[in-house]
Amino acid sequence: VLYPGAMLANLLSIGLRSVIGYSPPPTDSFFFFHSFHFYLPMLLVMVVYAIVRSQIDINRGREDMIKAESLAQQAKWMMLRYQVNPHFLFNALNSIRALIGEDDENARRIVTELSEYFRYSLTRNNKALVPLDEEILAVKSYLEIQKIRFSKRLKIKIDLEPDTLQCAVPVFSIQTLVENGIKYGLKSSEGLLHLSVQSAIEGNLLHVSVSNTGKLLPASQPHAKEESSGTGLSNLKERLSYLDPGSRFSLLEEEGQVIARLHLSIKPMNNEDMEGTDH
């Protein structure tokens with residue numbers, strides 16, 4: 001477009017010179033080559049500018065898309081995150097109400113452990129990952145409440161290898177497994193319920209297992225369909241898909257025990273990993 005425009009401008013210039021009485025330059029091959037030679041650098045500059053501008057626009061669009069996806073993922077993560085606690089709080093409050101006037105000491109103990117549990121939840125409100133030892137503190141508060149509620153039916157064992165304590169785990173991941181083990185273990189086993197939490201490192205993976213006596217409940221059984229306020233293993237699996245795509249989760253029954261195993265990638269803990277949800 002530029003080159004034909006340049007030739008047209010030159011031809012108009014020749015016609016104008018003829019009209020006003022000036023001798024026009026010859027329109028030979030040199031004239032057309034000279035026009036091309038003069039305007040080609042301008043053409044190249046415009047082409048390069050157009051390419052660079054187009055690339056900038058593409059990169060900006062890609063960044064906007066990534067940011068939008070990140071915000072959408074963060075919103076989804078926070079929705080899942082806030083679904084974890086409500087029904088546990090309801091059960092604990094019901095237990096406190098039942099104990100008041102009959103066993104005030106245990107009612108006070110539940111209030112104390114409940115405050116510790118929710119202090120953990122609220123102070124890590126915007127964190128996606130926490131060290132394992134911090135997660136276990138919340139688990140212990142949860143278990144103390146359950147021991148008061150089911151004192152004659154629970155036996156707890158926590159066996160964590162020291163080198164796993166600072167490994168990153170999704171917040172409330174182990175608590176979810178423990179809660180699931182107690183909830184369905186009490187329904188599927190008779191007598192004393194044994195629950196065990198173990199951790200180990202193998203290669204570049206952190207292995208955490210939560211096992212309980214009892215049986216896996218088929219989906220067709222009424223207990224397996226009970227309302228759980230949107231929490232549970234499906235919530236945990238979806239959170240894992242955001243935080244650690246290389247993670248693996250399994251749930252199986254072996255020799256009278258139900259075992260939930262969580263396999264997570266090991267990586268150094270830092271503030272950027274522990275805070276925020278779009279990493």
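Note that the numbering runs from 1 along the sequence shown for the chain.
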Can you tell which of Asn94, Asp104, Ile110 makes a side-chain contact (heavy atoms from CB on, under 4.5 Å) with Leu99?
Ile110
Closest heavy-atom contact between Ser247 and Leu264?
CB-CD2, 3.8 Å
Tell me who clusters with Leu192, hydrophobic residues only, linked when side chains sit under 4.5 Å apart either directly or through other members.
none
Looking at Leu216, is its backbone amide N or carbonyl O close enough to the side chain of Glu253 to form a donor-acceptor pair, meaning the two atoms are under 3.5 Å apart?
yes
Given side chains that start at C-beta, do those of Thr176 and Asn180 come closer than 4.5 Å, heavy atoms only?
no
Nearest atoms (heavy-atom pairs only) where Ser173 meets Glu135:
N-OE2, 3.0 Å
OG of Ser211 to CD of Gln198, rounded to nearest 0.5 Å, is 6.0 Å
Apply side chain to side chain contact (heavy atoms under 4.5 Å, CB included) to Phe249 and Leu177, showing your working.
CA-CA 11 Å; Phe249 173 78; Leu177 299 181; 3.5 Å; yes
Would you check if Thr213 and Leu195 make a side-chain contact, meaning some heavy-atom pair closer than 4.5 Å?
no
Listing request: all salt bridge (Lys or Arg N to Asp or Glu O under 4.0 Å) pairs with a residue in residues 199-214, at least two apart in sequence or in separate chains.
none
Listed by chain and number, what are the side-chain hydrogen bond (donor to acceptor under 3.5 Å, both in side chains) partners of Asn59, not counting sequence neighbours?
Gln55, Arg62
Can you list the residues that meet the ring-ring contact (aromatic ring centres under 6.0 Å, His included) rule with His207, with sequence neighbours excluded?
His263
At what distance, to the nearest 0.5 angstrom, does CG of Leu132 lie from CD of Glu134?
10.0 Å
For the residue pair Leu240 and Pro170, what are the closest heavy atoms and their distance?
CD2-CG, 3.6 Å
Show which side-chain atoms of residues 153-164 pair as donor or acceptor with protein atoms under 3.5 Å away, not counting sequence neighbours.
from: Arg153; atom 1: NE; to: Gly191; atom 2: O; distance (Å): 3.2
from: Arg153; atom 1: NH2; to: Leu186; atom 2: O; distance (Å): 3.4
from: Arg153; atom 1: NH2; to: Ser189; atom 2: O; distance (Å): 3.0
from: Arg153; atom 1: NH2; to: Gly191; atom 2: O; distance (Å): 3.4
from: Thr164; atom 1: OG1; to: Glu161; atom 2: O; distance (Å): 2.6
from: Thr164; atom 1: OG1; to: Ser199; atom 2: OG; distance (Å): 2.7

What's in the same ILVMFWY side-chain cluster as Val48, cut-off under 4.5 Å, chained through other members?
Val52, Ile56
Sequence neighbours excluded, the answer for salt bridge (charged side-chain N to carboxylate O under 4.0 Å, His left out) partners of Glu144 is Arg109, Lys147
Reported CZ-to-CD1 distance for the pair Phe150 and Ile145, which is rounded to 0.5 angstrom:
11.5 Å
Could you tell me which residues satisfy side chain to side chain contact (heavy atoms under 4.5 Å, CB included) with Val111, sequence neighbours excluded, listed by chain and number?
Ile96
Any chance you could lay out the side chain to side chain contact (heavy atoms under 4.5 Å, CB included) test for Asp103 and Glu105, step after step, and finish with the verdict?
CA-CA 6 Å; Asp103 190 345; Glu105 178 62 27; 4.0 Å; yes
No-hydrogen, no-angle side-chain donor-acceptor test under 3.5 Å, Asn212 and Gln257
no
Identify, with sequence neighbours excluded, every residue that meets side-chain hydrogen bond (donor to acceptor under 3.5 Å, both in side chains) alongside Glu255.
none
The criterion is side-chain hydrogen bond (donor to acceptor under 3.5 Å, both in side chains); which residues satisfy it with Ser95, sequence neighbours excluded?
Arg149
Under the rule for side chain to side chain contact (heavy atoms under 4.5 Å, CB included), what residues qualify as partners of Glu190, not counting sequence neighbours?
none
Residue that, paired with Val169, satisfies side-chain contact (heavy atoms from CB on, under 4.5 Å) out of Leu129, Leu262, Leu206
Leu206
Are Leu205 and Ile201 close enough, and set up right, to give a side chain to side chain contact (heavy atoms under 4.5 Å, CB included), and what steps lead you there?
CA-CA 6 Å; Leu205 290 177; Ile201 291 178; over 6 Å; no
Say whether, by atom type as modelled, one donor and one acceptor occur between the side chain of Ser188 and the main chain of Gly214 under 3.5 angstrom.
no
Taking C-beta and beyond as the side chain, do Val210 and Val258 meet within less than 4.5 Å on heavy atoms?
no
Do Ile259 and Tyr184 sit in the same hydrophobic cluster, where Ile, Leu, Val, Met, Phe, Trp and Tyr count as joined when their side-chain heavy atoms come under 4.5 Å apart?
no
Going by salt bridge (Lys or Arg N to Asp or Glu O under 4.0 Å), name the pairs with one or both residues in residues 42-59, residues two or more places apart or in two chains.
Arg53-Asp57
Once rounded to the nearest 0.5 Å, what's the spacing between atom CZ of Arg248 and atom CZ of Arg261?
10.5 Å
